Amino acid sequence: MSDSLIIANREFRSRLLIGTGKYRSFPEMQQCHTASGAEVVTVAVRRVELDRSQESLLNYIDPQHYFLLPNTAACYTAEEAIRTARLGREVGLSDWVKLEVIGDQKTLYPDVIGLIEATKVLVKEGFTVLPYTNDDLIVARKLIDAGAAAVMPMGAPIGSGLGIQNIANLRILREMITEVPLIVDAGVGTASDAAIAMELGYDGVLLNTAVAEAADSIKMAEAMKHAVMAGRLAFLGGRMPRRLYASASSPLTGLVR
């Protein structure tokens, strides 16, 4: 598409960001990344062999082709997340981080207080921080005040595949926040969910499980590519007004008599 996603002055042609977990094999993951058209691939720092002593998913991601976005998945305190982000930078992954501070093991909802705290620290250390958060406007504003380069509200719980559960809150976030990109992160289950997120005016979608756990992951990855593009075009095109009653598609004037 002609309009690009810009985060912290870096330009990406694709508005789909994709993960690396839960795939049946590393080669399948690699094929899905290709089919998705994504340029940003997020990697859990705590779940990969960073020293390359064993086969790792990193061997299947070409850093010349993809932008690696380390994440702090499985971190339950601000201190853990900060330490993990630093580790990702020290081993040469990136000074960008998809920041997660999890507050509850069952729901994987974020600990927003820890998230804001960690964002402040990492921004001061020169990181480009993209925090995963809930769909709360006030929290989003506090994250922006802390220096977040984008805000990534959840569509539904991580890995749930429930789709966009609170359209009203996401609409409010989109209307009220324009100074940084908004990227729906978590909850997408199929292509229509990604399209809905984009039709709401979101700048991008980050997903993983919807592709990794699909019956045919490669086909689903391609579907997600087209869904994000279609949703973006629909947003730019502007939907027609909703009407309670019918409105004839053909004009009533100039009829053949």
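Just so it is clear, the values below take in all heavy atoms, side chains as well, and ignore hydrogens, waters and symmetry mates. Being a predicted model, the structure only gives us computed values, none of them experimental.
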### Message
Hydrophobic clustering (ILVMFWY, side-chain heavy atoms < 4.5 Å, transitive) - are I61 and L87 grouped together?
### Response
yes

### Task
Going by the side-chain contact (heavy atoms from CB on, under 4.5 Å) test, name the single residue among V123, L122, L130 that passes it with L99.
L122

## Note on the structure
When every non-hydrogen atom of A194 is compared with those of V188, the smallest separation belongs to N-CG1, 4.1 Å

#### Entry: Backbone N/O of S14 and side chain of E39: donor-acceptor pair under 3.5 Å
yes

### Task
Count the heavy atoms of every other residue, nucleotide or ligand shown that sit under 6.0 Å from NZ of K219, and state whether that count exceeds 12.
no

### Task
Could you check if a side-chain atom of V205 sits within less than 4.5 angstrom of a side-chain atom of R15, using non-hydrogen atoms only?
no

### Interatomic distance, F235 atom CZ to D3 atom CG [nearest 0.5 angstrom]
10.0 Å

### Query
With distance as the sole test, does T34 use its side chain to make a donor-acceptor pair with the main-chain N or O of Q30 at under 3.5 Å?
yes

## Note on the structure
In terms of heavy-atom contacts, A44 and T20 come closest through N-OG1, 4.5 Å

### Query
Side-chain heavy atoms under 4.5 angstrom apart, residues restricted to Ile, Leu, Val, Met, Phe, Trp, Tyr: same cluster for L206 and L68?
no

### Message
A side-chain contact here means heavy atoms from C-beta on lying under 4.5 Å apart; do W96 and I7 qualify?
### Response
yes

#### Entry: Heavy atoms from other residues, nucleotides or ligands near CG of N9 exceed 12 (cutoff 6.0 Å)
no

### Query
Are side-chain heavy atoms of V112 and T133 found at a separation under 4.5 Å?
yes

### Query
What is the distance from atom CD of E213 to atom OH of Y23, rounded to the nearest 0.5 Å?
10.5 Å

### Message
So does I18 get a backbone contact from the side chain of N208, meaning a donor-acceptor N/O pair under 3.5 Å?
### Response
no

### Message
Using only atom types and a distance under 3.5 Å, with no angle test, would you say the side chain of T119 pairs donor to acceptor with the backbone of P131?
### Response
no

### Summary
Between E175 and T178 the two heavy atoms that sit nearest each other are O-CG2, 4.3 Å

### Query
Is it true that Y66 and V45 fall in one hydrophobic cluster, defined by side-chain heavy atoms closer than 4.5 Å?
yes

#### Entry: Note: R232-E199 ion pair, threshold 4.0 Å (strictly below)
no

## Note on the structure
Note: L108 and Y132 closest approach over all heavy atoms is O-OH, 3.1 Å

### Task
Consider only side-chain heavy atoms of I, L, V, M, F, W and Y, link residues closer than 4.5 Å, and tell whether V129 and I116 are in one cluster.
yes

#### Entry: Side chain T77, main chain E80, donor-acceptor under 3.5 Å
yes

### Query
Would a 4.5 Å heavy-atom cut-off, applied to side chains only, mark V43 and L58 as touching?
yes

### Query
Side chains of D104 and T107: is there a donor and an acceptor less than 3.5 Å apart?
yes

### Message
I'd like to know if the side chain of T42 reaches the main chain of P70, judged simply by a donor and an acceptor atom lying under 3.5 Å from each other, with no hydrogens or angles considered.
### Response
no

### Spatial distance of atom CG (L16) from atom CE (M224) [nearest 0.5 Å]
8.0 Å

### Query
Quick one: does R46's side chain have a donor or acceptor within less than 3.5 Å of a partner on T84's backbone?
no

### Message
Quick one: does any side-chain atom of E28 pair with a main-chain N or O of R24 as donor and acceptor, under 3.5 Å?
### Response
yes

#### Entry: Check against side chain to side chain contact (heavy atoms under 4.5 Å, CB included), R47 and N71
CA-CA 10 Å; R47 293 176 177 153; N71 70 60; 6.0 Å; no

### Task
With the side chain counted from C-beta on, respond yes when H33 and Y60 share a heavy-atom pair under 4.5 Å apart, and no when they do not.
no

Acceptor/donor pairs from residues 137-155 side chains to any protein atom, 3.5 angstrom cut, sequence neighbours excluded:
none

### Query
Is the shortest heavy-atom distance from the side chain of M220 to the side chain of E222 under 4.5 Å?
no

### Query
Around atom CD1 of I6, are there more than 12 heavy atoms of other residues, nucleotides or ligands at under 6.0 Å?
yes

### Task
Check whether any side-chain heavy atom of V40 sits under 4.5 Å from a side-chain heavy atom of F12, and report yes or no.
yes

### Query
Of the non-hydrogen atoms in M176 and E179, which two are nearest, and what is the gap between them?
O-OE1, 4.4 Å

### Query
How many angstroms lie between CG in L93 and CG in L69, if you round to the nearest 0.5 Å?
10.0 Å

### Query
Just how far is it from atom CE of M198 to atom CG of L233, taken to the nearest 0.5 Å?
9.5 Å

### Task
Apply side chain to side chain contact (heavy atoms under 4.5 Å, CB included) to the pair T128 and V97, showing each step before the final yes or no.
CA-CA 6 Å; T128 298; V97 61; over 6 Å; no

### Task
Evaluate side chain to side chain contact (heavy atoms under 4.5 Å, CB included) for R174 paired with L200, printing each intermediate quantity in order.
CA-CA 8 Å; R174 178 68 287 174; L200 291 172; 5.7 Å; no

### Sidechain N-carboxylate O distance under 4.0 Å for E11, R13
no

### Query
Crowded around Q105 CD? As in, over 12 foreign heavy atoms under 6.0 Å?
no

### Query
Would you say I218 and L207 are hydrophobically clustered, going by side-chain heavy atoms of ILVMFWY under 4.5 Å?
no

#### Entry: Student check: side-chain heavy atoms of S94 and R89 closer than 4.5 Å
no

#### Entry: Polar contact flag, side-chain donor to acceptor under 3.5 angstrom, K225-S36
no

### Message
With rounding to the nearest 0.5 angstrom, report the OG to CD distance, S217 to Q31.
### Response
10.0 Å

Can you give each donor-acceptor pair under 3.5 Å made by side-chain atoms of residues 156-170, sequence neighbours left out, with the distance rounded to 0.1 Å?
from: S160; atom 1: OG; to: P157; atom 2: O; distance (Å): 2.8
from: S160; atom 1: OG; to: L162; atom 2: N; distance (Å): 3.4
from: Q165; atom 1: NE2; to: L162; atom 2: O; distance (Å): 3.0
from: N166; atom 1: OD1; to: N169; atom 2: N; distance (Å): 3.1
from: N169; atom 1: ND2; to: D135; atom 2: O; distance (Å): 3.4
from: N169; atom 1: ND2; to: D135; atom 2: OD1; distance (Å): 3.4

